[in-house]
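What follows is a set of notes on a single structure, which appears directly below.
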Amino acid sequence: MTNLLTKIKNTIKADLNEVLERKENQNPITLLNQFLHECEQETEKVKKLVDRQYQLKDEFERELVEAAELAEKRKHQSEIASKAGETELYQFASAEYQHYSDRAERLRVSLNHILRQLEELEGKYEEMKRKLKDMYIRRMELMGRENITRANHQINKLLDSTSNSDKPYSRFQAIEGYLDRLEDQVNRAFHSSSIDAKIAQLENEMKMSEGKLHS
């Protein structure tokens, strides 16, 4: 039973692969558009990461400025407390100064790390945009060549004089033949009506001349 199920599974998988392969062979541009769409989505994801990294950079910079300012403030206060002989106040200001100095240093290290990551992300994002643009151009080139191939195939099919009667060129020939016959009929009718008019005019002129002679 297990072997039978495995065989059925493999058969279905083979049939599916065949369908996908046939689809790819029949619609290469459609498949290319799908791949490009996926690349666009991946590029957009990287863009969002770059934007988020910029936000983090701005947040770290604000925190660093604040920590540095507080450290400088506590340092100045500790100096004043020391000169004033306020030991307890000096110890508090010194501890605060050390705390904010350590925070500022930690933020500075993190900010440098963020900036390196941002530079790396921006480089990858720009590379992805360039590759995506190159793929757009290649798609345009492929579509142009595919269009020319189809047009030439259609033209050759239309102009193939050895085609069977049900081929498009035979219909062209039939229409051209009908137009030739119609033009011939119209020309003969035109010449015939012209001759009739001229004969009638001559008859009238002759009758008028005869009338003048008998009068």
Side-chain angles (χ1 to χ4, degrees), residues 2 5-6 9-10 12-14 16-147:
T2 303
L5 291 175
T6 302
K9 180 180 177 181
N10 292 336
I12 294 174
K13 184 177 180 181
L16 179 60
N17 290 334
E18 183 181 353
V19 170
L20 291 175
E21 183 178 357
R22 186 164 61 248
K23 181 179 179 182
E24 178 178 347
N25 292 333
Q26 289 175 350
N27 299 294
I29 298 299
T30 301
L31 191 62
L32 176 59
N33 289 336
Q34 180 182 340
F35 288 153
L36 281 174
H37 180 64
E38 292 173 358
C39 289
E40 289 171 351
Q41 291 178 324
E42 293 300 320
T43 304
E44 186 61 26
K45 289 179 182 178
V46 174
K47 181 181 182 303
K48 290 179 179 179
L49 290 173
V50 171
D51 293 340
R52 176 57 182 158
Q53 199 72 1
Y54 267 108
Q55 292 176 2
L56 287 172
K57 178 186 77 70
D58 293 340
E59 292 174 8
F60 271 100
E61 286 177 342
R62 284 194 297 270
E63 292 292 337
L64 175 59
V65 169
E66 181 182 350
E69 289 177 349
L70 287 172
E72 187 63 27
K73 180 180 179 180
R74 292 292 187 259
K75 180 181 180 182
H76 178 66
Q77 290 174 340
S78 68
E79 291 173 351
I80 293 176
S82 177
K83 290 179 181 179
E86 295 289 338
T87 304
E88 186 175 344
L89 186 59
Y90 168 75
Q91 291 176 346
F92 173 80
S94 295
E96 285 279 291
Y97 164 70
Q98 189 62 47
H99 171 74
Y100 288 121
S101 294
D102 292 343
R103 177 186 292 180
E105 181 60 26
R106 188 169 69 253
L107 287 168
R108 194 174 288 109
V109 172
S110 297
L111 179 60
N112 289 333
H113 184 60
I114 289 290
L115 290 173
R116 286 195 298 271
Q117 289 178 329
L118 180 58
E119 183 179 0
E120 183 179 346
L121 274 176
E122 283 185 321
K124 290 180 178 179
Y125 177 57
E126 291 300 322
E127 182 181 2
M128 291 178 75
K129 287 198 299 183
R130 287 194 299 270
K131 287 183 178 295
L132 193 58
K133 186 66 174 180
D134 289 341
M135 285 190 285
Y136 285 149
I137 294 173
R138 291 184 66 184
R139 178 180 63 177
M140 291 169 58
E141 293 170 344
L142 287 172
M143 290 176 68
R145 288 198 289 268
E146 184 193 40
N147 188 59

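Keep in mind that what you see is a predicted model, and the values were worked out from it rather than measured.
The distance from the CD atom of Glu119 to the CG atom of Leu115 is 8.5 Å, given to the nearest 0.5 Å. One finds the CZ atom of Arg106 at 12.0 Å from the CZ atom of Arg108 (value rounded to the nearest 0.5 Å). Atom CG in Leu111 sits 10.0 Å away from atom CZ in Arg116 (nearest 0.5 Å). Rounding to the nearest 0.5 angstrom, the gap separating the CD atom in Gln91 from the OG atom in Ser94 is 8.0 Å.
Counted within 6.0 Å of NZ on Lys57, heavy atoms from surrounding residues, nucleotides or ligands total more than 12; the atom is thus considered enclosed. Under a cut-off of 6.0 angstrom, the local environment of NZ in Lys124 is sparse, with at most 12 non-hydrogen atoms contributed by other residues, nucleotides or ligands. When the shell of 6.0 Å around CD of Gln41 is examined, it contains more than 12 heavy atoms from other residues, nucleotides or ligands. Heavy-atom contacts from other residues, nucleotides or ligands closer than 6.0 Å to OH of Tyr125 number more than 12.
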Show me, pair by pair, the donor-acceptor contacts under 3.5 angstrom made by side chains of residues 131-141, not counting sequence neighbours?
from, atom 1, to, atom 2, distance (Å)
Tyr136, OH, Glu40, OE2, 2.3
Arg139, NH1, Asn33, OD1, 2.9

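Closest non-hydrogen pair, Tyr90 versus Ser82, comes out as CD1-CB, 3.6 Å. Between Ala67 and Leu107, the closest heavy-atom pair is CB-CD1, 4.1 Å. Between Leu49 and Leu121, the shortest heavy-atom distance links the atoms O-CD1, 4.1 Å.
Residues His76 and Glu72 bring no donor and acceptor atom of their side chains to less than 3.5 Å of each other.
Distance alone, capped at 3.5 Å, places no donor-acceptor pair between the Asn147 side chain and the Met143 backbone. Judged purely by atom type and a 3.5 angstrom limit, Thr43 uses its side chain to pair as donor or acceptor with the backbone of Cys39.
For residues 46-56, the set of pairs meeting the side-chain hydrogen bond (donor to acceptor under 3.5 Å, both in side chains) definition, not counting sequence neighbours, comprises Lys47-Asp51, Arg52-Gln55, Gln53-Gln117, Tyr54-Glu122.
With sequence neighbours excluded, the residues forming a side-chain hydrogen bond (donor to acceptor under 3.5 Å, both in side chains) with Arg103 are His99, listed by chain and number.
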Please determine whether side-chain contact (heavy atoms from CB on, under 4.5 Å) holds for the pair Glu96 and Tyr100, giving the CA-CA distance in whole Å, both sets of side-chain angles, and the decisive distance to 0.1 Å.
CA-CA 6 Å; Glu96 285 279 291; Tyr100 288 121; 3.3 Å; yes
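Between Glu79 and Lys83 there is no salt bridge, since no side-chain N of the basic residue sits under 4.0 Å from a carboxylate O of the acidic one. Checked for salt-bridge contact, Glu42 and Lys45 meet the test: a charged N lies under 4.0 Å from a carboxylate O.
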